[in-house]
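First comes the structure, then the notes that go with it.
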There are 2 protein chains.
Amino acid sequence: MKQPVIIPTKAPTESEPDSPNGKSAGPGAGAAAGASKGRNRPLAVAETIKDWIIAQSLEPGDRLPQEHQLIERLEVSKGTAREALKVMETQGLIRTRTGPGGGAFITEVSADHASALLANHFFFKDVSIAHIYELRIALEPQLVQELAPRVTNDQIAELRGVMSAYTRPPTSIEEERLQRVAELEFHAVLSRYSRNPVLGFFCGFLVRLLKDLAVCKRIYDEPNPELRERGVSYQEQLIEAFETRDAESARAIMEVHMRAAQRMMLQREAEIAKGFLDTDS
Amino acid sequence: MKQPVIIPTKAPTESEPDSPNGKSAGPGAGAAAGASKGRNRPLAVAETIKDWIIAQSLEPGDRLPQEHQLIERLEVSKGTAREALKVMETQGLIRTRTGPGGGAFITEVSADHASALLANHFFFKDVSIAHIYELRIALEPQLVQELAPRVTNDQIAELRGVMSAYTRPPTSIEEERLQRVAELEFHAVLSRYSRNPVLGFFCGFLVRLLKDLAVCKRIYDEPNPELRERGVSYQEQLIEAFETRDAESARAIMEVHMRAAQRMMLQREAEIAKGFLDTDS
DNA sequence: TAAGATTTGTTCGTATGTATC
DNA sequence: GGATACATACGAACAAATCTT
């Protein structure tokens, strides 16, 4: 029983009234409503198509009308229709295929795609390691607490599989870096198991943000055997708690783990910052 | 000191993973160089333009080259260039203006825009009131705890202004609904004050999600004087805690408030569901 | 107020690449 | 390999918006 909870709606267009001229109406205003004739911008066309999707309760996998049919029914040119489809493709709502039987198909917006779009929002902001860990400490214990009572044996096996990538000490710097990434993958997998889609997405996004940030700041460039060992130890404890379906202890383990990781990451960040000051310009 | 923390990244396309050039790629390098003819998709063009932005450290407000210049330098047709710009506009990275001195300008991706894009990801998922409140309980107390010691008098005044919209009992059903929305606005404003951009965004997004969901489920359609009074009372207490810069009590107040609101929303949700079962087919 | 310049926005006709049969 | 159906790409001409004079 699919329930579309959110009305997609809403183009970003007219956000800021920073231009003080009281220009009114124009094609920009209420374009989406009466898209039958005349002023049709691609965004309005995209909204109209979305309305169709909602009205007809189309689901992922369903196909949209063909390009030339869209052009007919929307009374727009090919270029405009293409731009509208491009908008929807960028939003992750459709995918197009060429060839017979091809066309635009509705797709679920994957977490990956949504993360990439969301990451743009933080591009010009100053996100720090501290910010991310503040949230991981608040959310990941909650995540494993809810997971523990209902985690399946298959899931536990998958987690063990991820862990197997870094149970052995690394033999090279490159392997060290890969192990760090795999360690983060453990948490990414955890977040995918969440029954709360929002919680799962938030946790997964934080991991992604951390990965970008860590790589960007080269925090993973140098070995840190202590962090690795403690990380593995905590994750093994967590698996044990999962096996006994012990929610409370899973939560406690994750909380301790997160706080320890936070301390170490911040310390490392500070060291690197100092290093830059010493050696750099 | 702006620090771009994230590599912007990532088209969803599955076809051609172009050259894995790092962030230090020059303007010339990239997709356009190799494929002057034939193989140039708008997405690749958009990525190339993003690479330019990074390489030249362009910031919000800066202007991109004009359309015809892009066409020249990228060796693509007008339609393709336009589609590429449309992609970036959809992602919220640029805004275009017509007329002399017009063109494509780099913009920060607003929280509103990012929220709208992210909401698409949850469109086909079953997000419930319970899911949202689980996260609000985890995050909003954290938010006000960090806010309390450093909240400004202006901010307190703004919060009072928002509250003034619903301190009086509503005189009509319509006013009742507007008051509920204003009450949510209180939390949206709070989230904007956060020094942690990720925490702020998460809290704001939850409010948005809740608003859509509540409207969708008609939870706000019927009066609920108890919820209103308790909400106002809690918010007044919170303002008091802000005035004394008491972080701990701000956190405690918000936690109690969130749990109370959760109980009431879930109860209301259940009632409505029952009502549907009774009256509906 | 009005005309002109500049730049994006839209449309159309046509050609080409690509996947299926 | 050929035919078909479909998206993808190109370029010229026109329309609309906005700034300047």
Side-chain angles (χ1 to χ4, degrees), chain A residues 11 13-14 16-29 31-32 35-46 48-49 63-90 94-107, chain B residues 11-16 31-32 34-46 48-49 63-90 94-107:
Chain A
T13 51
E14 237 74 347
E16 285 181 347
D18 58 357
S19 50
N21 53 355
K23 66 103 184 287
S24 63
S36 58
K37 202 153 176 100
R39 304 256 135 306
N40 268 327
R41 305 206 320 296
L43 277 169
V45 174
T48 304
I49 295 175
R63 209 190 71 175
L64 254 51
Q66 296 169 344
E67 221 180 54
H68 70 268
Q69 288 178 16
L70 288 176
I71 293 169
E72 267 181 24
R73 295 173 64 175
L74 294 165
E75 299 178 357
V76 295
S77 76
K78 201 174 4 181
T80 305
R82 275 189 66 75
E83 284 185 38
L85 291 177
K86 208 79 203 168
V87 166
M88 296 183 65
E89 190 183 328
T90 304
I94 61 170
R95 262 178 66 191
T96 58
R97 287 205 303 265
T98 62
F105 293 83
I106 299 177
T107 66
Chain B
T13 58
E14 61 289 352
S15 49
E16 288 203 4
S36 62
K37 206 108 175 131
R39 222 32 201 197
N40 254 331
R41 303 205 316 292
L43 277 168
V45 174
T48 303
I49 295 176
R63 210 191 70 176
L64 255 52
Q66 294 173 342
E67 227 181 48
H68 65 87
Q69 290 179 15
L70 288 176
I71 292 169
E72 267 181 25
R73 297 172 61 174
L74 295 166
E75 299 178 356
V76 294
S77 75
K78 174 159 178 161
T80 305
R82 280 192 61 75
E83 284 187 42
L85 291 178
K86 207 79 203 169
V87 166
M88 296 183 65
E89 190 183 328
T90 303
I94 61 171
R95 257 175 75 188
T96 57
R97 288 204 303 264
T98 62
F105 293 83
I106 298 177
T107 66

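In what follows, every heavy atom counts, from backbone to side chain, and hydrogens, waters and symmetry copies are set aside. Model, not experiment: these values are computed from the prediction. Each chain gets a letter, A, B and so on, in the order its sequence line appears, and its residues count up from 1.
Counting to the nearest Å, the C1' atom of D/dA12 and the NE2 atom of B/H68 are 16 Å from each other. Going from atom CZ of A/R63 over to atom P of C/dT20 covers 14 Å, rounded to whole Å. One atom, CG of B/L74, and another, P of D/dC10, lie 11 Å apart when rounded to the nearest Å. Rounded to whole angstrom, the span from the CD atom of A/Q69 across to the C1' atom of D/dA5 amounts to 12 Å. We find that CD of A/E83 is positioned 16 Å from C1' of D/dA7, with the value rounded to whole Å. Between the P atom of D/dC6 and the CD atom of A/E72 lies a distance of 13 Å, rounded to the nearest Å. As rounded to whole Å, 12 Å separates atom P of C/dG9 from atom CZ of B/R95. Atom CD1 of A/I71 is separated from atom C1' of D/dT8 by 12 Å (rounded to the nearest Å).
In terms of position on DNA chain C, the residue among A/G101 and A/S77 whose nearest nucleotide sits closer to the 5' end is A/S77. Comparing B/A104 and A/P100 against DNA chain C, the residue whose closest nucleotide sits nearer the 5' end is B/A104. Between A/K86 and A/G99, the residue whose closest nucleotide on DNA chain D is further toward the 5' end is A/G99.
The CG atom of A/L64 sits 6.0 Å away from atom CG of A/L70, with the distance rounded to the nearest 0.5 Å.
When heavy atoms are screened at a 4.0 angstrom cut-off, B/G103 is found touching the sugar-phosphate backbone but no base atom. Among the heavy atoms of the strands lying under 4.0 Å from B/E67 are primed sugar atoms or P, OP1, OP2 only; no base atom is included. Note on B/R82: a base of the nucleic acid sits closer than 4.0 angstrom, heavy atoms only.
For C/dG17, neither phosphate oxygen OP1 nor OP2 lies less than 4.0 angstrom from any side-chain nitrogen or oxygen of A/T98. OP1 and OP2 of C/dT7 both lie 4.0 Å or more from every side-chain N or O belonging to B/T96. Between B/T80 and the phosphate of D/dT8, there is no side-chain N or O to OP1/OP2 separation shorter than 4.0 Å.
What you find for B/L85 and B/I94 is that their closest heavy atoms are O-CD1, 3.5 Å.
Residues that satisfy the side-chain hydrogen bond (donor to acceptor under 3.5 Å, both in side chains) test with B/Q66, not counting sequence neighbours, are B/H68. For B/E67, the side-chain hydrogen bond (donor to acceptor under 3.5 Å, both in side chains) partners two or more places apart in sequence, or in a different chain, are B/K78, B/R82. Evaluation of the side-chain hydrogen bond (donor to acceptor under 3.5 Å, both in side chains) rule for A/T98 yields no partner, not counting sequence neighbours.
Using a 4.5 Å heavy-atom cutoff, the side chains of A/V45 and A/V87 are not in contact.
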Any N/O pairs under 3.5 Å between the protein and nucleotides 13-15 of chain C? List them or say none.
unit_1 : atom_1 : unit_2 : atom_2 : d
C/dT14 : O4     : A/K78  : NZ     : 2.4

Could you check A/K86 against A/E89 for salt bridge (charged side-chain N to carboxylate O under 4.0 Å, His left out), going step by step and ending with a plain yes or no?
CA-CA 5 Å; A/K86 208 79 203 168; A/E89 190 183 328; 3.7 Å; yes
